[in-house]
Amino acid sequence: LYEVGSSCYQDCQMKGLKYYGTESKCVDQCDDTYPFLLNSVTCTDSCPGYVDPTTKDCISTCPTSTPYYMPPNNICVAQCGGDYQYLDTTTKLCVKKCVSPVGLAVENGKKCYAACPNDNKYKLFDKDICVNQCDGIYPYYYPGDMCIQQCDTNYPYIDVVTNKCVTTCGSINKLIN
């Protein structure tokens, strides 16, 4: 039997009420203790899938308007934020930082990738960050779509027009060492 005020009922649904977690009582609406609604009838403290941010209903997939989800309750969101500012592009999970296998971050977009995407295809040499061009303290383009601080012995020359590290000066004297 389920408690509703000072009365007992066999079924909360018959009264248009919701089951209150694992307790033997019925309620009009879910509260902070059991904030999410499972199968439209049970207030619960966690959902097996995701949480609709508007209705607090438990859902199996996040809607297209809020396609990502954020810990700890897997609430669907339109964009990541707060402590979970990076988006794992593989799982659509908001994370605190990018880790392997999606350990490369696009700083401005706050997204995590396994490999740098085409619009941010250059990786900073000693950082797991993808950028759309080499500049600042990483001004030189190194083979393999990498930005570095200075060219090394494998590619010792800098093409001053393109800022690419190259192996030889070639026929035009436009390179410096």
Side-chain angles (χ1 to χ4, degrees), residues 1-133 135-138 145-147:
L1 294 177
Y2 295 93
E3 175 188 327
V4 179
S6 60
S7 302
C8 295
Y9 294 91
Q10 279 197 286
D11 189 349
C12 294
Q13 288 179 279
M14 291 179 70
K15 286 296 198 182
L17 300 173
K18 296 160 185 58
Y19 297 102
Y20 188 69
T22 56
E23 299 178 28
S24 295
K25 69 181 197 177
C26 303
V27 294
D28 283 328
Q29 62 187 25
C30 302
D31 63 12
D32 289 342
T33 304
Y34 297 105
F36 310 119
L37 188 60
L38 180 63
N39 299 325
S40 301
V41 296
T42 304
C43 295
T44 181
D45 60 355
S46 65
C47 291
Y50 308 98
V51 177
D52 183 294
T54 307
T55 64
K56 301 283 193 256
D57 288 344
C58 296
I59 53 179
S60 59
T61 58
C62 290
T64 54
S65 60
T66 54
Y68 315 119
Y69 63 101
M70 192 173 321
N73 295 312
N74 292 346
I75 294 177
C76 299
V77 294
Q79 67 182 42
C80 300
D83 288 341
Y84 301 93
Q85 60 182 316
Y86 290 95
L87 172 65
D88 179 327
T89 56
T90 305
T91 63
K92 296 188 177 182
L93 170 66
C94 296
V95 295
K96 289 183 178 185
K97 66 179 187 172
C98 299
V99 294
S100 187
V102 287
L104 298 170
V106 174
E107 282 295 299
N108 293 339
K110 300 287 185 187
K111 293 182 179 178
C112 305
Y113 296 91
C116 291
N118 287 339
D119 59 340
N120 285 281
K121 73 177 194 172
Y122 302 104
K123 179 186 175 296
L124 298 184
F125 171 69
D126 57 354
K127 300 186 182 297
D128 289 331
I129 297 173
C130 302
V131 294
N132 65 356
Q133 67 183 26
D135 59 15
I137 64 169
Y138 297 93
D145 293 331
M146 192 174 305
C147 296

Kindly indicate whether the side chain of [X], heavy atoms from C-beta on, has any atom under 4.5 Å from the side chain of [Y].
X    : Y    : answer
V131 : L124 : yes
P71  : L93  : yes
C116 : D145 : no
T42  : Y34  : no
D83  : K96  : yes
C76  : P53  : yes
D57  : V51  : no

Taking atom [atom1] of [X] and atom [atom2] of [Y], what is their separation to the nearest 0.5 Å?
X    : Y    : atom1 : atom2 : answer
Y69  : C94  : OH    : SG    : 9.0 Å
M146 : D126 : CE    : CG    : 10.0 Å
I59  : C47  : CD1   : SG    : 8.5 Å
T44  : N39  : OG1   : CG    : 10.0 Å
L104 : Y113 : CG    : OH    : 10.5 Å
K25  : C12  : NZ    : SG    : 11.0 Å

Who pairs with [X] by ring-ring contact (aromatic ring centres under 6.0 Å, His included), at least two apart in sequence or on another chain?
X   : result
Y84 : none
Y19 : Y2
F36 : none

So, for [X] and [Y], which heavy atoms are closest and what is the spacing to 0.1 Å?
X    : Y    : result
T33  : D45  : O-CB, 3.6 Å
C43  : K18  : SG-CB, 4.0 Å
D88  : T90  : OD1-N, 2.8 Å
Q133 : D135 : NE2-OD2, 3.1 Å
K92  : P67  : CD-O, 3.5 Å
V77  : C80  : CG2-N, 4.5 Å

| task | Give a yes or no on whether the backbone of I75 and the side-chain of N73 come within a donor-acceptor separation of less than 3.5 Å. | result |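 Looks like no, no N/O pair under 3.5 Å.
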| request: Report, as yes or no, whether the 6.0 Å neighbourhood of atom CD on Q85 holds more than 12 heavy atoms from other residues, nucleotides or ligands. | output: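 Count over threshold, so yes.
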| said: Quick check on D119: does its CG atom have over 12 non-hydrogen neighbours (other residues, nucleotides or ligands) under 6.0 Å away? | reply: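 Yes, because the 6.0 Å sphere around CG of D119 holds more than 12 heavy atoms from other groups.
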